[in-house]
Amino acid sequence: MLPLIFLVAGLMSGCNSNKSKTSRDKKISKRDYSITKKNAYNDLFLDSLAVVNYIVTNELPDSISRRIISFYNTRNYEFAWFSSDGLSEQAMGFSSLLHFTGDTSARQKKLKKIMDDLMGADNLKLTEANTTFINT
C-alpha cells in the first residue's frame with residue numbers, strides 16, 4: 001500500500017509542476033549594470049523612476065508592468081526606440097508593423113501619428129529629459 005501512495009503522490013506532484021507559469025509567477029529580470037554610456041549602442045538612458053511613473057500614471061496591468069521593467073532592466077534603462085539622432089532602426093521597423101495592424105483604436109491612431117511625425121522630422125534631436133519621447 002505504501003508504494004502505491006508514493007506513486008500517486010509522485011504523479012500528482014509531476015502534474016502540478018507542468019503547469020505553465022503565469023506572468024505574475026515569472027521573475028523580473030535583474031538590472032544589468034554592465035551596460036553604461038561608454039559601451040552602449042545608444043547614447044540615451046531613461047531614469048528608472050520615469051518608467052515606474054509611466055506605469056503608475058497609465059494604470060498598466062501587472063503583467064505588462066513586469067514585462068516593461070524586465071525589458072528595461074536587461075538594458076540598464078537604455079532607450080530602446082530613440083537615440084539622440086532620432087528613431088532607431090528598431091523603431092522604424094516597429095512603425096512599419098504598426099501601420100499594417102487593423103487596430104483603429106484612439107491610442108493606436110495617436111501612436112501612429114507620433115511615429116509618422118517623428119519619421120518625417122528633419123534634424124530630430126532628442127534628450128533624456130523629453131517626456132514626450134519617454135512616454136512614446
Side-chain angles (χ1 to χ4, degrees):
M1 185 74 167
L2 193 56
L4 183 59
I5 292 172
F6 283 120
L7 178 63
V8 170
L11 286 173
M12 290 176 67
S13 68
C15 291
N16 288 335
S17 67
N18 287 334
K19 290 182 182 176
S20 63
K21 289 185 175 183
T22 64
S23 60
R24 193 174 305 165
D25 296 334
K26 293 180 183 175
K27 293 184 179 181
I28 293 176
S29 301
K30 291 182 180 176
R31 190 162 177 178
D32 186 353
Y33 290 101
S34 69
I35 300 170
T36 66
K37 288 189 177 191
K38 288 184 179 182
N39 66 11
Y41 74 87
N42 193 340
D43 57 343
L44 294 178
F45 283 76
L46 287 162
D47 180 347
S48 59
L49 187 57
V51 175
V52 172
N53 285 337
Y54 177 83
I55 289 168
V56 171
T57 301
N58 291 282
E59 299 175 351
L60 297 180
D62 187 49
S63 59
I64 301 297
S65 302
R66 294 172 69 78
R67 285 182 171 184
I68 289 172
I69 291 169
S70 279
F71 176 80
Y72 281 105
N73 272 348
T74 60
R75 55 189 314 112
N76 198 19
Y77 289 82
E78 179 181 10
F79 265 73
W81 307 107
F82 305 104
S83 71
S84 60
D85 294 330
L87 292 171
S88 67
E89 183 177 331
Q90 293 84 355
M92 288 187 237
F94 173 74
S95 180
S96 294
L97 290 173
L98 185 64
H99 284 286
F100 287 110
T101 68
D103 192 343
T104 58
S105 66
R107 257 194 167 150
Q108 288 288 53
K109 286 179 181 178
K110 183 178 178 182
L111 180 57
K112 287 177 182 179
K113 173 146 180 33
I114 291 169
M115 295 298 287
D116 287 345
D117 291 348
L118 291 171
M119 290 182 77
D122 292 333
N123 301 324
L124 184 62
K125 295 291 179 193
L126 306 176
T127 66
E128 293 170 338
N130 189 322
T131 56
T132 300
F133 300 110
I134 291 170
N135 291 335
T136 302

Self-check item: Lys113: salt bridge (charged side-chain N to carboxylate O under 4.0 Å, His left out) partners, not counting sequence neighbours
Solution: Asp117
Exercise. Not counting sequence neighbours, which residues clear side-chain contact (heavy atoms from CB on, under 4.5 Å) with Lys110? List them please.
Key: Ile114
Quiz item: Of all heavy-atom pairs between Thr74 and Ile35, which one has the smallest distance, and what is that distance?
Solution: O-CD1, 3.4 Å
Quiz prompt | With sequence neighbours excluded, residues passing ring-ring contact (aromatic ring centres under 6.0 Å, His included) with Phe94 | solution = Trp81
Practice problem: Calculate, to the nearest 0.5 Å, the distance between atoms CD1 and CZ belonging to Ile55 and Arg66 respectively. | Solution: 11.0 Å
Practice problem: For residues Met115 and Leu98, report the shortest heavy-atom separation together with the two atoms involved. | Solution: CG-CD2, 4.3 Å
Exercise. For Lys109, check side-chain contact (heavy atoms from CB on, under 4.5 Å) against everything at least two apart and list the hits.
Key: Thr104
Quiz item: Honestly curious: do Leu60 and Ile28 fall in one hydrophobic cluster under the side-chain, below-4.5 Å linking rule?
Solution: yes
Practice problem: State which residues pass side chain to side chain donor-acceptor pair (under 3.5 Å) with Ser88; sequence neighbours excluded, sorted by chain then number. | Solution: Gln90
Exercise. Give the minimum heavy-atom separation between Leu87 and Met92, together with the two atoms involved.
Key: O-CE, 3.6 Å
Quiz item: Residues in side chain to side chain donor-acceptor pair (under 3.5 Å) with Tyr77, at least two apart?
Solution: Asn73
Exercise. Check side-chain contact (heavy atoms from CB on, under 4.5 Å) between Thr36 and all other residues, then give those that pass, not counting sequence neighbours.
Key: Lys38, Asn39
Quiz prompt | Verify same cluster id: Val52, Phe79 (apolar side-chain graph, 4.5 Å) | solution = no
Quiz prompt | Approximate separation, where rounding is to 0.5 Å, of Asp116 CG and Leu111 CG | solution = 9.5 Å
Exercise. Output every pair passing side chain to side chain donor-acceptor pair (under 3.5 Å) with a member in residues 41-57, not counting sequence neighbours, ordered by first then second residue.
Key: Tyr41-Arg75, Asp43-Ser84
Quiz item: Partners of Lys112 by salt bridge (charged side-chain N to carboxylate O under 4.0 Å, His left out), sequence neighbours excluded?
Solution: none
Quiz item: How close do Ser70 and Ser29 get, heavy atom to heavy atom, and via which atoms?
Solution: OG-N, 2.9 Å
